[in-house]
Amino acid sequence: QVQLVESGGGLVQAGGSLRLSCVASGRTLSSYTMGWFRQAPGKEREFVAGITRSGGSTYYTDSVKGRFTISRDNAKNTVYFQMNSLKPEDTAVYYCAASSRVAVHTTPYQYNYWGQGTQVTVSS
């Protein structure tokens, strides 16, 4: 069993930055592929970024490439999500998720554990 807790969300103006953190407890994070998802009101939860167990490979949805960076520190059992050049359309609840699968998957059902989410609001 893994418990995930996100932090770092908030209100920011367009063009600003936020850094989200996801701390895991219960089991070592290095056993899991990690992903960040987001869900805006009235929309389905969507994959934003993922990172393999070692951190050697990362994947991003097209709309955030070049602006967002996912990273991990397995010694600290923490995954980070640096978000730069934020846009109003990035507004959503952001969730970190852990998957026991080796590859990064973009569908939510491939992930076994989820955090409670953190709200990110970008004003124009």
Side-chain angles (χ1 to χ4, degrees):
Q1 193 79 346
V2 175
Q3 293 79 43
L4 303 173
V5 178
E6 304 99 333
S7 63
L11 173 64
V12 64
Q13 288 188 332
S17 298
L18 285 174
R19 188 195 197 202
L20 307 184
S21 297
C22 173
V23 179
S25 60
R27 291 191 65 179
T28 177
L29 199 62
S30 60
S31 300
Y32 298 93
T33 295
M34 299 299 295
W36 283 96
F37 288 75
R38 66 186 179 187
Q39 188 166 18
K43 295 188 176 181
E44 294 186 351
R45 191 168 297 189
E46 66 168 347
F47 172 85
V48 185
I51 187 167
T52 52
R53 295 176 182 181
S54 66
S57 295
T58 56
Y59 302 87
Y60 301 91
T61 193
D62 287 345
S63 63
V64 308
K65 285 180 181 176
R67 300 189 297 125
F68 293 5
T69 304
I70 187 172
S71 61
R72 66 191 299 162
D73 185 340
N74 287 337
K76 294 183 178 180
N77 257 15
T78 302
V79 177
Y80 303 100
F81 201 36
Q82 179 67 42
M83 303 187 295
N84 298 330
S85 301
L86 283 160
K87 303 176 181 181
E89 51 263 43
D90 295 318
T91 295
V93 177
Y94 282 72
Y95 299 89
C96 72
S99 172
S100 57
R101 298 185 179 274
V102 174
V104 172
H105 291 272
T106 62
T107 50
Y109 72 85
Q110 300 282 5
Y111 290 77
N112 309 91
Y113 304 102
W114 292 83
Q116 83 288 351
T118 185
Q119 176 71 47
V120 171
T121 303
V122 184
S123 63
S124 58

Which heavy atom in [X] sits nearest to a heavy atom in [Y], and how many Å separate them?
X: Ser99; Y: Tyr111; answer: CB-CD2, 3.5 Å
X: Ser63; Y: Arg38; answer: OG-NH2, 3.5 Å
X: Pro108; Y: Trp114; answer: O-CZ2, 3.5 Å
X: Val120; Y: Gly9; answer: CG2-CA, 4.2 Å

Any chance you could lay out the side-chain hydrogen bond (donor to acceptor under 3.5 Å, both in side chains) test for Asn112 and Ser100, step after step, and finish with the verdict?
CA-CA 7 Å; Asn112 309 91; Ser100 57; 3.1 Å; yes
Which residue in the set Tyr109, Phe47, Tyr94, Tyr95 passes ring pair (Phe, Tyr, Trp, His ring centres under 6.0 Å) when paired with Phe37?
Phe47
Can you name the residues that form a side-chain hydrogen bond (donor to acceptor under 3.5 Å, both in side chains) with Asn77, not counting sequence neighbours?
none
Decide yes or no on side chain to side chain contact (heavy atoms under 4.5 Å, CB included) for Leu29 and Thr78, but give the supporting numbers first.
CA-CA 7 Å; Leu29 199 62; Thr78 302; 5.5 Å; no
Got a donor-acceptor contact below 3.5 angstrom from the Gln1 side chain to the Gly26 backbone?
no
Side-chain donor or acceptor of Thr52 paired with backbone N/O of Ser57 under 3.5 Å:
yes
For Val5 and Gln116: C-alpha separation, side-chain torsions, deciding distance, then whether side chain to side chain contact (heavy atoms under 4.5 Å, CB included) applies.
CA-CA 7 Å; Val5 178; Gln116 83 288 351; 4.2 Å; yes
Roughly how far, to the nearest 0.5 Å, is [atom2] of [Y] from [atom1] of [X]?
X: Arg67; Y: Ser85; atom1: CZ; atom2: OG; result: 7.0 Å
X: Ser31; Y: Arg53; atom1: OG; atom2: CZ; result: 6.5 Å
X: Cys96; Y: Met34; atom1: SG; atom2: CE; result: 4.5 Å
X: Ser124; Y: Lys87; atom1: OG; atom2: NZ; result: 14.0 Å

Minimum side-chain heavy-atom gap [X]-[Y] below 4.5 Å:
X: Phe68; Y: Ile70; result: no
X: Tyr113; Y: Tyr32; result: yes
X: Thr106; Y: Val104; result: no
X: Thr33; Y: Ile51; result: no
X: Gln39; Y: Glu46; result: no

Short side-chain donor-acceptor distance under 3.5 Å, Gln119 and Thr121:
yes
Trp36 and Phe81 aromatic ring geometry - parallel, tilted or perpendicular at 30°/60° bounds:
parallel
Could you give the side-chain donor-acceptor pairs of residues 16-25 under 3.5 Å, partners two or more places apart or in another chain?
unit_1, atom_1, unit_2, atom_2, d
Ser17, OG, Asn84, OD1, 2.9
Ser25, OG, Gln3, OE1, 3.4

Distance under 6.0 Å and angle within 45° of the ring axis: does Arg72 meet both against Tyr80?
no
Assess whether a salt bridge exists between Lys65 and Asp62, defined as any Lys/Arg side-chain N lying under 4.0 Å from an Asp/Glu carboxylate O.
yes
